[in-house]
Protein chains: 2
Amino acid sequence: MPEQPVRARLVDVAHAAGVSKATVSKVLNGREDLMVRPETRRRVHEAAEALGYRPHSGARALAGASTHALALLIPALDNPTYVTIARGAYQRARELGYLSLLAEDFDGQEADDSFNDLVQESRVDGLLIASARPGHPLLETLSHSRVPHVFLNRSVEGSGRNVTMDVARSSVTALDHLYGLGHRSVGHIAGPAGITPSEVRKEAFLHHAGALGLDAAPVASGDFTEDGGGAAARELLRPAAGGTRPPVTALYTSSLAQAIGAMAAIRELGLRIPEDISVVGNDDLPVAAHLHPPLTTVAMPLYELGTAAVDALVATIENRPTGDVVVPTEPRLVLRGSTAGPAEPGGTP
Amino acid sequence: MPEQPVRARLVDVAHAAGVSKATVSKVLNGREDLMVRPETRRRVHEAAEALGYRPHSGARALAGASTHALALLIPALDNPTYVTIARGAYQRARELGYLSLLAEDFDGQEADDSFNDLVQESRVDGLLIASARPGHPLLETLSHSRVPHVFLNRSVEGSGRNVTMDVARSSVTALDHLYGLGHRSVGHIAGPAGITPSEVRKEAFLHHAGALGLDAAPVASGDFTEDGGGAAARELLRPAAGGTRPPVTALYTSSLAQAIGAMAAIRELGLRIPEDISVVGNDDLPVAAHLHPPLTTVAMPLYELGTAAVDALVATIENRPTGDVVVPTEPRLVLRGSTAGPAEPGGTP
DNA sequence: AAGTTTCAGTCAACCGGTTTCCCTGGACGG
DNA sequence: CCGTCCAGGGAAACCGGTTGACTGAAACTT
C-alpha cells in the first residue's frame with residue numbers, strides 16, 4: 001500500500017504521542033530549557049518517526065523567524081573551483097541542521113535578485129558570499145541590512161567576516177617548486193585587479209620571487225578564464241626587443257582555466273610544455289590530470305573553505321561572530337607532467 | 001540615512017494604500033477574478049513599491065500552499081553541461097515568477113535528502129529532475145507522492161513527463177560530418193548503460209552508421225568522465241589481432257569530458273589528432289575551444305532544455321500537463337581542429 | 001420607485017508551526 | 001495535615017500571508 005499521501009503535521013504527531021503541540025515542538029527542537037520526561041520524549045520521537053513527520057519550513061520560518069537555510073553566492077558555476085567549495089558548504093550545513101542553497105552571481109545584478117528572492121522573502125537565514133569584489137552592489141545592500149553573512153575566498157577588507165585560504169602560501173609553494181627545478185625567470189598570470197585572492201597571490205609571488213633572487217618575475221593580469229590565461233601568456237612570452245627567446249621559462253597561473261588557456265597559447269607560439277615552458281596552475285581538479293601534458297597544480301583546500309565558511313556563518317547567525325578566519329590546511333603541490341627543468345640557455349635545437 | 005530596517009508586511013502596504021490586506025493580496029498576485037478599480041490598483045502598487053514590500057515566502061507557502069520555487073536536481077555540478085541547463089532553468093523560472101533552486105544528486109542518496117529538505121518541508125512546488133536513471137531511489141519516492149515533476153535530459157520511459165533534446169540527431173550530425181571527411185570506420189564512446197540520452201545516441205549512431213554503409217562502427221561504454229572516455233578510447237583503438245593500425249579513424253563521444261579523456265589516451269598510444277584519429281565531442285562548452293587541438297563538437301540546445309523543462313513543470317503545477325516534450329532546436333556542429341580526413345590506408349610514415 | 005445585479009472591497013478564518021505564560025498534581029517541609 | 005514548590009505539560013496568542021463568504025453602494029430593470 002502507498003505511504004500516507006498527506007503530510008503529517010505537528011498536531012498529528014502530538015495526537016499520536018498523546019501530548020500537546022507545544023511539547024512536540026520543544027522535544028523535536030531539542031531545546032535545553034525543556035522539562036520533559038525521557039519517557040515522553042521517546043514517545044514523541046517515535047510518533048514523529050512513525051508518521052514520517054517533517055516540519056513545514058514556511059510555518060517554522062513564520063513562527064520562529066528562522067528558516068534553517070543558507071545561501072551560497074558564487075560568481076560562476078562553470079568554474080569547478082566553486083563546485084568543490086559548494087559541496088563542502090552543503091555537507092557542513094547539513095551537519096548543523098541547515099540547508100545550503102546555491103545561487104549564481106555572474107556580475108552583481110544576479111546578486112540583488114538573489115538577495116531579494118532569498119533574503120528579503122525570508123527563505124534563508126544568512127549568506128555565504130564568494131562573489132564579492134570592490135563596488136559590488138551587494139555590499140551596499142548588505143550594509144543597510146542586518147542579514148548575517150560571511151565572505152569566502154574573495155574577502156572584503158575590514159569586514160571581520162572573511163573566510164579565506166592561505167593564498168600567499170600557494171605562490172610560495174609553486175615558486176619553490178619551479179626554483180627547485182632550476183627556473184630563474186618565472187611569469188605569473190594573475191586574476192583581475194581588485195579580487196582579493198588574486199591580489200594576495202600576486203603580492204606573495206613578487207615577494208617570494210624577490211626573496212629567492214629570481215632574474216625575472218613579470219606579472220600579467222587576465223580573467224580567470226581560458227581566454228584570459230591565453231592572452232596573459234602571450235604577453236609574458238613575448239621576446240624582448242631584439243631577442244628570440246621568451247623572457248621566462250615557466251608560468252604560474254591563478255586559476256586552472258587560465259592554465260589551460262596558457263598551455264594553448266604556448267603551443268601556438270611553437271613552444272613545448274614542459275621542455276620550453278613549464279606551467280603550474282592553481283586549484284587541483286580532475287581535468288588537470290587529463291590535459292596534455294597533465295598539469296602540475298597547487299591544490300587549495302576548497303572543500304574545507306566551504307565547511308569553514310558555514311561554521312563561521314552559523315556562528316554569526318547564533319550571535320557568536322568569529323571574526324576573520326583562515327582555513328588551516330596548507331596548499332599542496334600536485335606534481336604532474338607540465339613542469340620540468342628549464343632548457344639550457346644556449347641549447348636550442 | 002539607512003533604509004527601513006524592518007520588513008514591510010502586507011498589512012503595512014494595505015494601510016499605506018488605504019485598503020485591506022485582502023485587496024493588496026489580490027492586486028499583487030494579479031488575480032484574474034479581481035474586481036479592483038485601476039485607481040486602487042495603482043495605489044497598491046505604489047505603496048508596495050514605496051515600502052519595498054516583499055512577501056514572506058513562508059507565509060505565502062503556509063497560506064496558499066504554494067512556494068513559488070522549483071528545484072533542479074542535477075547529477076554532477078562539475079559537469080558544465082548541467083550548468084548551462086541550470087542557467088536556462090533559472091532564467092525562465094524567474095520570468096514565470098518562480099525561483100529555481102539547485103541541488104546536486106551524485107548518486108541517489110542526495111536525491112532523497114533533497115526530496116526531504118525541499119519537497120517534504122514544502123520549500124518548493126515541484127522538481128526538475130536531470131539525474132534520473134533506472135532504479136533511482138527517487139523514482140520510487142515520487143510514485144508515492146503527488147509532487148509535480150518533470151524529467152529532463154535523462155528521461156523515464158512512459159512517465160509522460162520527459163523533456164529532452166533531439167539526441168538521435170546529434171549522432172547523425174556527427175557521423176555525417178565524419179563521413180563527409182572520408183571516414184568509413186568510426187568508433188562511438190557511449191555513456192553508461194541505462195541512461196536514456198546515452199542509449200538513444202548509441203542507437204542512432206549504429207542505425208545511421210548502417211544507413212551510411214560504414215565499414216566499421218564499434219561502440220564502447222564508459223562513464224561521462226575523462227577516465228571513462230580514456231578507457232573506452234583505448235578499447236576502441238586496440239588493433240585487431242595481427243594488425244598494427246587502430247580499427248577506426250575517428251571517435252565520436254557522448255560527453256565533452258569523455259572527449260578530453262579520449263584525446264589524452266590517443267596521444268598516449270602515440271597517435272596524432274586529427275592526422276591519425278579525428279575526434280568529435282558532444283556539448284559545446286568554452287573549454288572545447290582551448291583544448292589541443294581545439295575540439296570539434298556537436299552543440300546541444302542545453303539552455304533551451306532548461307527553459308523548456310521549466311515551462312513543462314510550471315504547466316504541470318498549474319494542472320496543464322504537457323506530456324513529453326522535445327526541444328525543437330537542432331544540434332549544431334561546431335567545427336574545430338580535432339577532425340580532418342583520414343590518413344591514406346597505406347600512407348603511414 | 002422598488003427590486004435585482006454588478007461592482008469593489010472587506011472580514012475573518014485558516015495554514016502549521018513556536019513561544020510565553022499558566023495550570024496541575026504530587027512530593028516535600030513544617 | 002496542610003501549604004509550598006516545582007517538574008511536566010497544556011492553552012492560546014501570534015507569525016504574515018490567502019481565500020471565499022459577505023456587504024454596501026451604484027447601476028440596471030421593469
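Only a predicted model underlies this, so the values are computations on that prediction, with no experimental measurement involved. So you know, we letter chains A, B, ... as the sequences are listed, proteins then strands, and number each from 1.
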Polar pair under 3.5 Å, donor/acceptor by atom type, side chain K26(A), base dG10(D):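 Answer is yes: a donor-acceptor pair is held.
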
Nearest to side-chain heavy atoms of [X], which nucleotide of [options]:
X      : options                   : value
A22(A) : dC15(D), dT18(C), dA12(D) : dA12(D)
A63(A) : dG9(D), dG10(D), dG16(C)  : dG16(C)
H56(A) : dT10(C), dG9(D), dG17(C)  : dG17(C)
T23(B) : dG16(D), dG17(C), dG9(C)  : dG9(C)
M35(A) : dA8(C), dT19(D), dA7(D)   : dA7(D)
V19(B) : dG9(C), dT10(C), dT18(D)  : dT10(C)

Would you tell me if any nitrogen or oxygen in the side chain of T40(B) comes within less than 4.0 Å of OP1 or OP2 on dG9(C)?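 The answer is yes; a side-chain N or O of T40(B) sits under 4.0 Å from OP1 or OP2.
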
Given dG17(C), is OP1 or OP2 found less than 4.0 Å from the side-chain N or O atoms of Y53(A)?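 Yes, Y53(A) has a side-chain N/O under 4.0 Å of OP1/OP2 on dG17(C).
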
Please work out if S66(B) contacts a base, only the sugar-phosphate, or nothing of the nucleic acid, heavy-atom cut-off 4.0 Å.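 No contact at all - S66(B) keeps every heavy atom at 4.0 Å or more from the nucleic acid.
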
Under 4.0 Å between any heavy atoms, over every strand shown, what does S122(B) touch: base, sugar-phosphate, or nothing? Just pick one.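 No contact.
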
Mapping R37(B) and K21(A) onto DNA chain C by nearest heavy atom, which one lands closer to the 5' end?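 Here R37(B) is the residue nearer the 5' end.
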
Separation of [N] [atom2] from [X] [atom1] (nearest whole Å):
X       : N       : atom1 : atom2 : result
R123(A) : dC15(D) : CZ    : P     : 21 Å
L28(A)  : dG17(C) : CG    : C1'   : 11 Å
H15(A)  : dG17(C) : NE2   : C1'   : 18 Å
R7(B)   : dG16(D) : CZ    : P     : 8 Å
L10(A)  : dG17(C) : CG    : P     : 5 Å
E39(B)  : dC7(C)  : CD    : P     : 19 Å
R9(B)   : dT18(D) : CZ    : P     : 14 Å
R41(A)  : dA7(D)  : CZ    : P     : 14 Å

Decide, yes or no, whether a salt bridge links E318(B) with R320(B) under the criterion of side-chain N to carboxylate O below 4.0 Å.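 Result for this pair is yes, salt bridge flagged.
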
Regarding R43(A) and E46(A), does a basic nitrogen lie under 4.0 Å from an acidic carboxylate oxygen?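 No.
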
Quick one, L305(B) and N153(B) - any side-chain contact, counting heavy atoms below 4.5 Å?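 They are in side-chain contact.
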
Please determine whether salt bridge (charged side-chain N to carboxylate O under 4.0 Å, His left out) holds for the pair R54(B) and D117(A), giving the CA-CA distance in whole Å, both sets of side-chain angles, and the decisive distance to 0.1 Å. CA-CA 9 Å; R54(B) 294 238 113 200; D117(A) 295 344; 3.5 Å; yes

Counting only heavy atoms from other residues, nucleotides and ligands, does the tally under 6.0 Å from NE2 of H45(B) exceed 12?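 Atom NE2 in H45(B) is packed in, count exceeds 12.
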
